[in-house]
Amino acid sequence: MALFLDITMSLDGYVAGRDQTLEQPLGDGGEGLHEWVVGLAGWRKRHGLEGGVGGADDDLLEETVSRAGAFVMGRRMFSSGEGPWETDPNRDGWWGDEPPFHVPVFVLTHHERAPASMQGGTTFTFVTDGAEAALARAREAAGDRDVQVAGGASVAQQYLAAGLLDELQVHVVPLLLGGGTRLFDGLPDGVVRLECTRVLESPAVTHLRYRVLR
C-alpha cells in the first residue's frame, strides 16, 4: 500500500501564488494551475457536473482517483488558514455539501474538531497528533488501496522529510507564478533521490511520476 502525492505545480515550482486570501485561496494567478483539469469529464462528473473532455489527461485522472482509498490533507486545504474554522466550528471548508473524494479524508491540524460526514461518502476526520498518526489512520481506512497526499505543500514536505512518501505525481503546467508557495521548500538537509517512472505530455500539462528511492 503506497503513500503517494498528487499535486499540480507551476513551471517555476509553485503550488499557490502570492497573496492568498479567502476570496483568492490559491493566490495571484493560482487558479491557472488547475485549468488543465477542470474541463475534464472525470473531474466534472466528480463535482456533479455534466460534459467535459476525455483523452489521455482524463484517463490519468481516473487512474489516480481509483487508486486512493483515503486522503491526507492540511488544514488550509480543508478550509482557510485565516480563522473562519476556529470562529465558526460548523464551517465545512471549501468542498461544499458533497466533496469529490467519496472516501475518508484525514486533515492534519492543531485544532480539535468532531468528524464531518458529508454527502457522497466523504468524512473529514481532524487529526491533532501529527503526520504519522494521520497516515496510520488513513492506511487503516484505505484497506488494500493506496493513500493519497492531497496537499498542500507543507503536508507534502512533512511526509517527504519523514521518509514516508513512496511516490510523487506532479502535474507541471506552463505557467510562471513568480512567487508564492513552493512545493519543495522547507526540506531538511540531505539528499532525496527520485527515479522517474513515467512522463506523459499534453499541450496543457506534463505529468511526471517519480518513485522515492531509499
Side-chain angles (χ1 to χ4, degrees), residues 1-21 24-34 36-37 60 64 67-68 70-82 94 105-111 125-139 142 146-200 205-214:
M1 182 192 303
L3 176 66
F4 74 99
L5 169 69
D6 185 82
I7 199 165
T8 298
M9 183 180 76
S10 68
L11 186 59
D12 55 348
Y14 296 97
V15 295
R18 296 186 180 96
D19 299 324
Q20 293 170 259
T21 64
Q24 195 170 247
L26 290 176
D28 291 341
E31 291 296 331
L33 290 167
H34 302 290
W36 73 271
V37 73
L60 182 140
T64 303
R67 290 182 60 182
F71 289 80
V72 178
M73 68 171 57
R75 179 171 70 99
R76 292 191 180 188
M77 191 166 180
F78 171 77
S79 184
S80 169
E82 299 299 324
W94 305 118
V105 178
F106 296 86
V107 182
L108 273 169
T109 177
H110 297 296
H111 302 274
T125 299
F126 304 93
V127 182
T128 59
D129 47 353
E132 292 194 33
L135 176 57
R137 297 180 69 174
R139 281 184 164 147
D146 294 331
V147 176
Q148 178 176 330
V149 178
S154 175
V155 173
Q157 292 159 13
Q158 288 181 58
Y159 284 112
L160 191 57
L164 297 171
L165 201 61
D166 299 302
E167 185 180 298
L168 292 78
Q169 183 163 267
V170 182
H171 312 284
V172 181
V173 296
L175 177 69
L176 300 175
L177 289 177
T181 302
R182 285 191 180 274
L183 178 56
F184 296 116
D185 273 356
L187 295 176
D189 292 340
V191 176
V192 178
R193 298 190 182 277
L194 308 174
E195 177 186 27
C196 185
T197 59
R198 187 168 74 178
V199 179
L200 298 175
V205 61
T206 300
H207 311 283
L208 305 174
R209 179 179 290 179
Y210 295 92
R211 181 168 66 91
V212 180
L213 300 178
R214 296 187 173 89

>> Quick check: closest heavy atoms across Ala153 and Val15, and the distance to 0.1 Å?
In response: CB-CG2, 3.9 Å

> Quick one: salt bridge (charged side-chain N to carboxylate O under 4.0 Å, His left out) pairs with a partner in residues 147-156, sequence neighbours left out?
Replying inline: none

Show every donor-acceptor pair shorter than 3.5 Å between a side-chain atom in residues 126-133 and any protein atom, with sequence neighbours excluded, or say none if there are none.
none

> When rounded to the nearest 0.5 angstrom, what distance separates CG in Leu194 from CG in Leu160?
Replying inline: 7.0 Å

> For the residue pair Ala156 and Leu183, what are the closest heavy atoms and their distance?
Replying inline: CB-CD1, 4.2 Å

>> With rounding to the nearest 0.5 angstrom, report the CE to CG distance, Met9 to Leu208.
In response: 7.5 Å

>> Restricting to side-chain contact (heavy atoms from CB on, under 4.5 Å), what partner residues turn up for Leu3, sequence neighbours left out?
In response: Leu135, Arg139, Val147, Val149, Tyr159, Leu164, Leu165, Asp166

> Mind checking what makes side-chain hydrogen bond (donor to acceptor under 3.5 Å, both in side chains) contact with Gln24, not counting sequence neighbours?
Replying inline: Asp28

>> According to salt bridge (Lys or Arg N to Asp or Glu O under 4.0 Å), who are the partners of Arg137, at least two apart in sequence or on a separate chain?
In response: none

> What closest approach, in Å, do Met73 and Ala150 show between heavy atoms, and which atom pair accounts for it?
Replying inline: CB-CB, 4.3 Å

>> Would you say that Val37 contacts Thr8 through its side chain, given a criterion of any heavy-atom pair below 4.5 Å between the two side chains?
In response: no

>> Taking CZ in Arg214 as the centre, count heavy atoms belonging to other residues, nucleotides or ligands within less than 6.0 Å. Is the count above 12?
In response: yes

>> Once salt bridge (Lys or Arg N to Asp or Glu O under 4.0 Å) is applied, do any residues pair with Arg211, and if so which ones, sequence neighbours excluded?
In response: Glu195

> Which residues satisfy the side-chain hydrogen bond (donor to acceptor under 3.5 Å, both in side chains) test with Thr125, sequence neighbours excluded?
Replying inline: none

>> Test of understanding: with side-chain contact (heavy atoms from CB on, under 4.5 Å), list the residues that count as partners of Arg182, not counting sequence neighbours.
In response: Tyr14, Asp185

> Of the non-hydrogen atoms in Ala70 and Ala138, which two are nearest, and what is the gap between them?
Replying inline: CB-O, 3.5 Å

> Hey, what's the ring geometry for His171 with Trp36, parallel, tilted or perpendicular (30° and 60° as the breaks)?
Replying inline: tilted

> In chain order, what residues pass the side-chain hydrogen bond (donor to acceptor under 3.5 Å, both in side chains) check against Asp19, with sequence neighbours excluded?
Replying inline: none

> Listed by chain and number, what are the side-chain hydrogen bond (donor to acceptor under 3.5 Å, both in side chains) partners of Gln169, not counting sequence neighbours?
Replying inline: Asp6, Thr64, Arg209

>> Ser154: which residues meet the side-chain contact (heavy atoms from CB on, under 4.5 Å) condition with it, sequence neighbours left out?
In response: Gln158

> In Å and rounded to the nearest 0.5 Å, what is the CD to OH distance from Glu167 to Tyr210?
Replying inline: 12.0 Å

> Can you tell if the side chain of Val105 reaches within under 4.5 Å of the side chain of Phe78, non-hydrogen atoms only?
Replying inline: no

> Does Leu176 have any side-chain contact (heavy atoms from CB on, under 4.5 Å) partners at least two apart in sequence or in another chain, and if so, which?
Replying inline: Leu11, Asp12

> How far apart are the closest heavy atoms of Gly152 and Met77, and which atoms are they?
Replying inline: N-SD, 4.3 Å

> So which of Thr109, Leu108, Val155 actually passes side chain to side chain contact (heavy atoms under 4.5 Å, CB included) with Arg75?
Replying inline: Thr109

